[in-house]
Enquirer: 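This is the structure I want to talk about, given as structure tokens.
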Amino acid sequence: MELTKARNEERIIAAAQQGDVAAFNELVLTYQEIAYSVAYRILGNRDAAMDATQEAFLKGFQALPRFRGGSFKAWVLRITTNCAYDQLRYKQRRPSSPIDDLVEDDEHSTLLQADEEPPDAYMERQELNDVIQEGIDTLPEDQRLVLILSDIEGLSYNEIAQTTTVSLGTVKSRLSRARAKLRDFLLDQGELLPSRLRLDNESLNE
Amino acid sequence: MFSKLREQRNHNYIKENLSAYIDGELDQKHVGRVREHLEQCGECQRELALLRATVRHMHSLPRPSLPRSFVLAPSAVSGQRQIRRWDTSFAVLRGAAVTVSLMLVLLLSGEALLATGVLPTGMSRLASDEAMARPMVAQEDGVMTLAEPEEASKAAPLEMAPLPSEPERDMVPEKEAEVQGQALVLPESMPDPTDDAPAAEIAHEPSMIPQVEAEMAGEGVSAGDTLTDERSALEEALPPDPLPESLEESVGDAPAAAIAGIPDDAHGPAAMVEASPEELMPEEEAARIAEPVPQDARELPVAVESEAGLPPFRAAIQQIGAVLGGLLLMVLGGLLWVGHKRPRI
């Protein structure tokens, strides 16, 4: 099943490499969610993430003749992260006012409230989400990317290595350091971690 | 003591690898080691629990809802063609840059060889060809290749003669003379008369005669040879100009070498030199032929002409060099521009 899927994708890629837009759009439909998600986690901003994603797919289509096999997902995500970091630097050069960011985040929450979910639970989830995003933002760029790809998008170490063009060992150590930092950050924030873990931490410090 | 140290190291190692352990990305043998350590280390157990909780939190983050679809409009096809064009022009420009650079390097090294005298210039090539063809011949057999120097001496004056009304002038001056000069040497060794390499190679042999001397040698030779049939014409054509000092100086190894092989039937000052092949070491000859040279100086206008004739040759090289340099700059500029404009991942 996986094999047929992979072969099918190869065929689609080959067609897209010949300039078949319809074929390429099949790939877009497959990968746009993960691409946008990665861009969003890097940028923390919906509009910037949209720009980065659209640009990534355009560039991907243009650069597709130069795609030499391997994981297409990793290839697309590499372009996406490059575009996202371009956006990030663009944003850093022209920082928007904090109010703009607040309005944006309120209007376009990434979380959907389930019908049966109590408002409190939803609020808590929202809060946790914000704290984690805040923690991710404190990480150095290279560690942040590895953490996003691994723990949010669920990529394997191998796929991460291909996406970020570093070795497996580097992926492993970057991820280990990123998680340790995020763990410390979440522990500092306290209430968002289960009390059992907080107690564990206290006993650790004693 | 040591076992404690080892334990500490093991503990640190396990701690660093807990992250990969939860992801199932550790080698099987390391997994066993981690498990073994975890059973007896409370700190690592807590560490593992914290890491797992952190990762769980991360996994619980929802994917942001897609604000819209990112499928491309068919108009993007034009972009596809565009990228191919960019790629093609980039490749072409890269090839052009390499080619022009190579040509420039060849030209510059040729120019450098000319400047240092390792490779004789067009005029002096003729002379130095003779200068070394002769001694070579002389050492083997003094009588050999009489006709060749004869021809060469014809070529030399023709090349330099300023008057078009000269009776024997029936050749296109520069190029044919040059070709002939090369042809002189070629039958002996080189198969390709259009190649500059033979001249250059052979130019090395007569103990690296510096360029000026080689030229002078050429003059000496042509002076000697020319006397057979060209002298009167030349005397008419060229104003007498002794140039004594330079010639005296120039009577170094080269003239000797050149004159060494002068054919027996040559009349004139050069003939004063006895052509005895066995003792024809250029240095020895140089002293003996000191006298004839000033007389030959009548031919020196030819030499002056040839000196003056050299710059055009090198100037042409410099012009070509300048054109190539300009071309290279343009190509590199284009390369930079295309490299900048062409869409990248």
Side-chain angles (χ1 to χ4, degrees), chain A residues 19 21-22 24-25 28-29 32-37 40-41 46 49-50 53-54 57-66 75 78-79 82 108 110-112 125 128-129 132-133 147 150-152 154 156-157 168 172-173 175-176 179-180 182-183 186-187 192-194 196-197 200-201 203-204, chain B residues 12-27 30 42-88 90 341-345:
Chain A
V21 191
F24 186 77
N25 279 337
V28 173
L29 289 173
Q32 61 179 356
E33 262 188 64
I34 190 172
Y36 174 74
S37 173
Y40 181 85
R41 290 295 168 198
R46 180 177 171 269
M50 278 168 67
T53 311
Q54 188 65 75
F57 280 119
L58 260 171
K59 278 192 174 174
F61 183 61
Q62 289 167 348
L64 198 59
R66 295 202 287 268
W75 190 76
R78 187 163 76 236
I79 301 175
N82 286 345
H108 307 289
T110 58
L111 292 177
L112 291 174
R125 216 152 55 88
L128 176 64
N129 181 49
I132 292 174
Q133 182 67 47
L147 187 80
S150 165
D151 291 354
I152 299 182
S156 71
Y157 283 21
L168 273 178
K172 206 161 86 174
S173 62
L175 186 58
S176 176
R179 280 169 173 170
L182 188 67
R183 176 206 62 203
L186 293 178
L187 282 172
L192 288 171
L193 280 170
R196 184 174 58 82
L197 286 173
D200 279 350
N201 186 46
S203 66
L204 251 174
Chain B
N12 291 339
Y13 175 84
I14 302 292
K15 228 174 143 181
E16 280 164 21
N17 280 281
L18 284 177
S19 165
Y21 173 74
I22 10 181
D23 292 331
E25 297 266 3
L26 268 190
D27 292 344
H30 289 102
E43 190 188 336
C44 280
Q45 287 170 20
R46 279 190 297 278
E47 180 77 22
L48 185 67
L50 281 169
L51 270 180
R52 280 209 166 114
T54 307
V55 173
R56 209 164 36 239
H57 278 312
M58 292 288 290
H59 282 317
S60 76
L61 283 182
R63 270 205 180 153
S65 52
L66 208 60
R68 65 175 173 84
S69 174
F70 292 102
V71 293
L72 301 183
S75 60
V77 176
S78 62
Q80 176 74 15
R81 294 203 181 110
Q82 225 175 346
I83 179 105
R84 291 230 168 109
R85 273 206 300 276
W86 283 117
D87 277 5
T88 311
F90 191 76
K341 291 283 281 186
R342 131 182 124 128
R344 250 165 293 176
I345 301 173

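Numbers restart at 1 for each chain; the letters A, B, ... are given by sequence-line order, proteins then strands.
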Enquirer: Please report the closest heavy-atom contact between A/Ser37 and B/Arg63, naming both atoms and the distance.
Expert: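 Closest approach of A/Ser37 to B/Arg63, heavy atoms only: OG-CG, 3.9 Å.
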Enquirer: Between A/Tyr157 and chain B, with a heavy-atom cut-off of 4.5 Å, which part of the residue counts as in contact: side chain, backbone, both or neither?
Expert: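 Looking at A/Tyr157, backbone and side chain both touch chain B.
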Enquirer: Measure from the side-chain N and O atoms of B/His59 to the backbone N and O of A/Ile152, and report whether any donor-acceptor pair falls under 3.5 Å.
Expert: no
Enquirer: Any side-chain heavy atom of B/Phe70 sitting closer than 4.5 Å to one from A/Met50?
Expert: yes
Enquirer: Could you check whether any side-chain heavy atom of B/Pro64 comes within less than 4.5 Å of a side-chain heavy atom of A/Arg46, counting everything from C-beta outward?
Expert: no
Enquirer: Nearest 0.5 angstrom please: B/Ser65 OG to A/Tyr36 OH, how far?
Expert: 6.5 Å
Enquirer: Distance-only, no hydrogens or angles: does the B/Thr54 side chain make a donor-acceptor pair with backbone N or O of A/Arg179 under 3.5 Å?
Expert: no
Enquirer: CZ/B/Arg68 to CD/A/Gln54 distance, rounded to the nearest 0.5 angstrom?
Expert: 4.5 Å
Enquirer: Any side-chain heavy-atom pair from A/Lys172 and B/Glu25 closer than 4.5 angstrom?
Expert: no
Enquirer: Once you round to the nearest 0.5 Å, how far does CG of A/Leu182 lie from NE2 of B/His57?
Expert: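 It is 9.5 Å, given to the nearest 0.5 Å.
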Enquirer: Which atom pair, heavy atoms only, marks the closest approach of A/Glu33 to B/Leu66?
Expert: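 What the structure gives for the nearest pair is CA-CD1, 4.0 Å.
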Enquirer: What part of B/Leu18 is in contact with chain A, defined as an atom under 4.5 angstrom from a non-hydrogen atom: side chain, backbone, both or neither?
Expert: neither
Enquirer: Supply the atom-to-atom distance B/Ser60 OG to A/Ile132 CD1, rounded to the nearest 0.5 angstrom.
Expert: 5.0 Å
Enquirer: Pick from A/Leu29, A/Asp151, A/Ile34: which one has the most heavy-atom pairs with chain B under 4.5 Å?
Expert: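 Winner by heavy-atom pair count: A/Asp151.
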Enquirer: Taking side chain as everything from C-beta outward and backbone as N, CA, C, O, which of these in A/Ser156 sits under 4.5 Å from a heavy atom of chain B? Side chain, backbone, both or neither.
Expert: both
Enquirer: Looking at every heavy atom in both B/Ala73 and A/Val21, which two are closest together, and how far apart are they?
Expert: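 That would be O-CG1, 4.0 Å.
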Enquirer: Holding to ring pair (Phe, Tyr, Trp, His ring centres under 6.0 Å), I want the full list of residues that pass it with A/Phe57, two or more places apart in sequence or in another chain.
Expert: none
